[in-house]
Amino acid sequence: MINLTINGKNIQAPEGSTILEAARTNGIYIPTLCYDEAVEVYGACGLCVVEADGIPKLLRSCSAKVSEGMVINTESERVIQSRKIALELLMSAHDGDCVAPCQLNCPARTDCQGYVGLIANGEFEEALKLIKNKISLPASIGRVCPHPCEKACRRKNVEEPINIAQLKAFAADLDLNGDSYVPECSENTGKKIAIIGGGPAGLSAAFYLRQLGHTVTVYDMMEKMGGMLRYGIPQYRLPKEVLDKEIAIIEKTGVKMINGKKLGVDFTIESLKTENDAVIVAVGAWKSSSMRTPGEDLEGVYGGIDFLREVIQGNAPKIGEKVAICGGGNTAMDACRTAVRLGAKEVYVVYRRTRNEMPADEIEIEEAEEEGVIYKFLTNPISFNGENGKIKSMTLQLMELGEPDASGRRRPVAIEGKTEEIAVDSVIMAIGQKLVSEDVSELQLNKWGNIATDEDFFTTNIEGVFAIGDATNKGASIAIEAIGEADRCVKAVDSFLKGEALDTRVPYISKRNEDAIDYSDRKKESRLTAKVLPAEYRNKNFEEVSLGFSMEEAVKEANRCLECGCREYYKCRLLNVAQRYDIKPERFAGEMPQKYTHDDNAFIERNTAKCILCGLCVRACREVMDINAIGLMGRGFTTDVSPAFSLPLDKTNCNNCGLCVQLCPTGSLTSKANLKKQVPLDEEYKEETVEVEGKMAKVLVSRYGGKVLRVIPNDEISRGLGLSQEEWTYLFK
């Protein structure tokens, strides 16, 4: 046995063993991508280098042997710099997406590709569980989210993006209509957390903190939980029965909910702090923003949020026959469509830009128009005119579009001397909402009048008090943004309660160059949208407009997914090492040496663009299997792994053992078992007859690419034979 020291730890290793073997035996991590015990040492990746006292050059630990008294450092500054350069070179030629753009663009970082793929496979329950890892109220969010995920969906470069939001609602609705999934919670930690506000942020924080084993109580000032999902979204878009079911599931995890208790009246932040180990403030933004237009104080002029809340609570104001809504976002759409349903004969949407610049969802704009809403684009209110204290008309300044502003939209500019006056019975100002600052007087506010919080840790000026959602930093946003904040805040609170440091570093991921992606080989398939109630029927009531997806529609729509993100993300060794270091591959950016191509057979998919030329697949094929189906072809930057004579993989002597897939450290080689099925499995079964022990037995056989996947006995004879799946499969070889 040889005595040596690695990272200050005295160890022993057998004579003749390598530094890497000695380190691994003693639980010391040294990264490597090209090494495996099954094949000869190759030393291609350069990541296993270590520094040895008295030796001027870095040693490749996979090949360097141990010697008596050797002193090794596996994480010296010199070693780290060498590994970073090696990783940057590897990643500069690695053309692949670790994570799909849809997931990256979701504020909650929901695994959209994952659950869409599960729905495509008919695995609806698993899809729901995956969604609930990030979204506590998926049936509600699937109905109301403006789906930033779809804006990043690459399917739009073929024809239209995947209907991700509708698929989320589909999976969640199935769950609500059956035995609803209630996640298990960890053993009780003894820690207590109070959450002020039962909207999407507060409920989400409660849901995930409870799963971690903490005791959670949610306080809310309203009669029922739900926040703006309940009191700001009309019934025809989000039935409150759906929201109630989802909140009930959160309550089943053990979250205690107390309604009708208001901050500053029934309790203070400090009083809750004395009774709890942490407090989360998620009070939302319940005050309609002012337009600062003369006449706002007239009777008949309402704030958008105030108007919607009154209607939902059954106290709808008398708005008359002529109603104008100011604004172009989804709240404005909710207000105008609600006004139609309340019986208004003329409903105008006044917006200072054009239809193209409206931030509201296009489907909301279209459906409102179908219901009779009239759009007055390029107009801006400059005064609300009244008589005897009540609104009678509004004066509109005519506008034109100028240069783009900070948002990228063209700035509206007044046309001097051109105005228009329209008669109205009421006006609804739907231009935004903000925090009621008096409610949070104990906390420090920023210059915009919102709670000032640390953007990574969500801490406030009071230790142990955190804040999330519409009441913080930049103010009101979409519900999925608040849910994403809640998820990150849960990690911060949990670390605080445990007295642990929280790593907020954003880990490295590989992203493809969007401009270099070729979609010419993709078949065009139209996007499916859920059927809706006819406009002439729906505009007279508050029934839910969308009829949702059928099972067949959901599977068909999900199968349009391009699967941009890497299927090997969770086990990719290249990514695992890359995320340990602060690397910048763009330093070595250049033309990708390999073309982004797919080459596969019935069982293995090969993507040469993700290959880092570690050689493991080639060596395993040659040294372990003695087949030589693939090899390193070319020299220098043009080298790639390819079958001999560049034949397709299924034209070689490859026996589909899968060893190359198992050893591949990236997503370059993938087993087709990981790919989504193109048709439901039960549609692949065909009846066949086989002779066994002189008897003719009928069975159902499922094949994929010529391979027998499963055999099911289908008559009395076959069932009486009692053969195992392996025995049945052998009979059909």
Side-chain angles (χ1 to χ4, degrees), residues 136 185 188-228 230-231 247 250-251 253-287 433-446 448-454 457-473 475-476 482 485-499 502:
S136 59
C185 298
N188 201 301
T189 63
K191 300 293 185 181
K192 295 170 61 180
I193 301 147
I195 298 176
I196 308 171
L203 290 173
S204 296
F207 186 59
Y208 297 114
L209 283 166
R210 183 68 203 98
Q211 289 176 55
L212 293 174
H214 303 308
T215 300
V216 186
T217 304
V218 182
Y219 299 86
D220 194 89
M221 65 180 180
M222 303 300 286
E223 183 183 357
K224 289 187 175 183
M225 295 286 170
M228 282 298 162
R230 182 180 300 280
Y231 296 104
I247 293 172
I250 296 174
E251 197 166 19
T253 65
V255 173
K256 186 177 180 181
M257 300 183 182
I258 300 175
N259 285 95
K261 299 294 181 183
K262 183 173 171 57
L263 174 62
V265 176
D266 301 292
F267 57 84
T268 64
I269 293 172
E270 282 294 342
S271 70
L272 290 183
K273 190 169 177 290
T274 59
E275 301 168 3
N276 294 272
D277 299 289
V279 176
I280 299 176
V281 179
V283 294
W286 288 79
K287 186 177 181 180
Q433 59 201 90
K434 57 185 181 179
L435 169 70
V436 181
S437 56
E438 299 80 25
D439 291 348
V440 290
S441 57
E442 297 165 87
L443 297 177
Q444 181 181 330
L445 305 183
N446 61 21
W448 294 287
N450 301 313
I451 301 170
T453 65
D454 184 281
F457 302 100
F458 305 96
T459 49
T460 66
N461 58 301
I462 303 176
E463 186 179 0
V465 177
F466 303 78
I468 52 175
D470 288 351
T472 67
N473 294 336
E485 279 196 9
D487 178 62
R488 299 194 301 279
C489 180
V490 163
K491 295 179 177 65
V493 171
D494 188 53
S495 296
F496 168 77
L497 294 175
K498 293 175 179 176
L502 178 67

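In this chain, residues are counted from 1 in sequence order. For the numbers below, each heavy atom of this structure counts, side chains included, while hydrogens, waters and symmetry mates do not. As the structure is a prediction and not an experimental result, all values here were calculated from the model.
Val493 places a side-chain heavy atom less than 4.5 Å from the side chain of Leu209. Between Phe267 and Leu263, some side-chain heavy-atom pair lies under the 4.5 Å cut-off. Two residues are said to be in side-chain contact when any heavy atoms from C-beta on lie closer than 4.5 Å; Met221 and Lys261 fail this criterion. Annotation: side chain of Gln433 is in contact with side chain of Met228 (closest heavy-atom distance under 4.5 Å).
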### Message
Could you go through Leu443 and Val281, starting from their C-alpha distance and side-chain angles, then the distance that decides it, and tell me whether this counts as side-chain contact (heavy atoms from CB on, under 4.5 Å)?
### Response
CA-CA 10 Å; Leu443 297 177; Val281 179; 4.0 Å; yes
### Derivation of the side-chain hydrogen bond (donor to acceptor under 3.5 Å, both in side chains) call for His214 and Asn188
CA-CA 6 Å; His214 303 308; Asn188 201 301; over 6 Å; no
#### Entry: From CA spacing to verdict: side-chain contact (heavy atoms from CB on, under 4.5 Å), Lys491, Leu502
CA-CA 8 Å; Lys491 295 179 177 65; Leu502 178 67; 4.2 Å; yes
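The backbone N or O of Val283 lies less than 3.5 Å from a partner atom in the side chain of Trp286, making a donor-acceptor pair. With Arg230 contributing its side chain and Met225 its backbone, the two residues share a donor-acceptor pair below 3.5 Å. Looking at Asn446, its side chain never comes within 3.5 Å of a backbone N or O of Ala452 through a donor-acceptor pair. A side-chain donor-acceptor contact under 3.5 Å links Asn450 to the backbone of Asn473. With hydrogens and angles disregarded, a donor-acceptor distance shorter than 3.5 Å links the side chain of Glu442 to the backbone of Glu270. Side-chain atoms of Asn276 never come within 3.5 Å of backbone atoms of Val279 as a donor-acceptor pair (strictly under, hydrogens ignored).
Residue Glu223 comes nearest to Tyr231 through the heavy atom pair N-OH, 3.7 Å, listed as atom of the first residue, atom of the second, then distance. The two residues Cys489 and Ile468 have their closest heavy-atom pair at CB-CG2, 3.5 Å. Taking each heavy atom of Ile250 and Met257 in turn, the nearest pair found is CG2-CE, 3.8 Å. When every heavy atom of Ala467 is checked against every heavy atom of Thr460, the shortest pair comes out as CB-CG2, 3.8 Å. Scanning all heavy atoms of the two residues, the minimum distance from Lys273 to Val465 falls at CD-CG2, 3.9 Å. Residues Ala471 and Gly284 come closest through the heavy atom pair CB-O, 3.6 Å.
With values rounded to the nearest 0.5 angstrom, Cys185 atom SG is found 5.5 Å from Gln211 atom CD. One distance of note links CG of Asn461 with CG of Leu445; it measures 9.0 Å at 0.5 Å rounding.
A centroid separation of less than 6.0 Å is found between the aromatic rings of Phe496 and Phe466.
There is no side-chain donor-acceptor pair under 3.5 Å between Ser204 and Asp487.
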Kindly list each side-chain donor-acceptor pair under 3.5 angstrom involving residues 192-200, sequence neighbours excluded, with atom names and distances?
{"residue": "Lys192", "atom": "NZ", "partner": "Glu275", "partner atom": "O", "Å": "3.4"}

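Using a 4.0 Å cut-off between a side-chain N of Lys or Arg and a carboxylate O of Asp or Glu, Asp220 and Lys262 do not qualify as a salt bridge.
Of the candidates Asn259, Ile258, Val255, Val255 is the only one forming a side-chain contact (heavy atoms from CB on, under 4.5 Å) with Val218.
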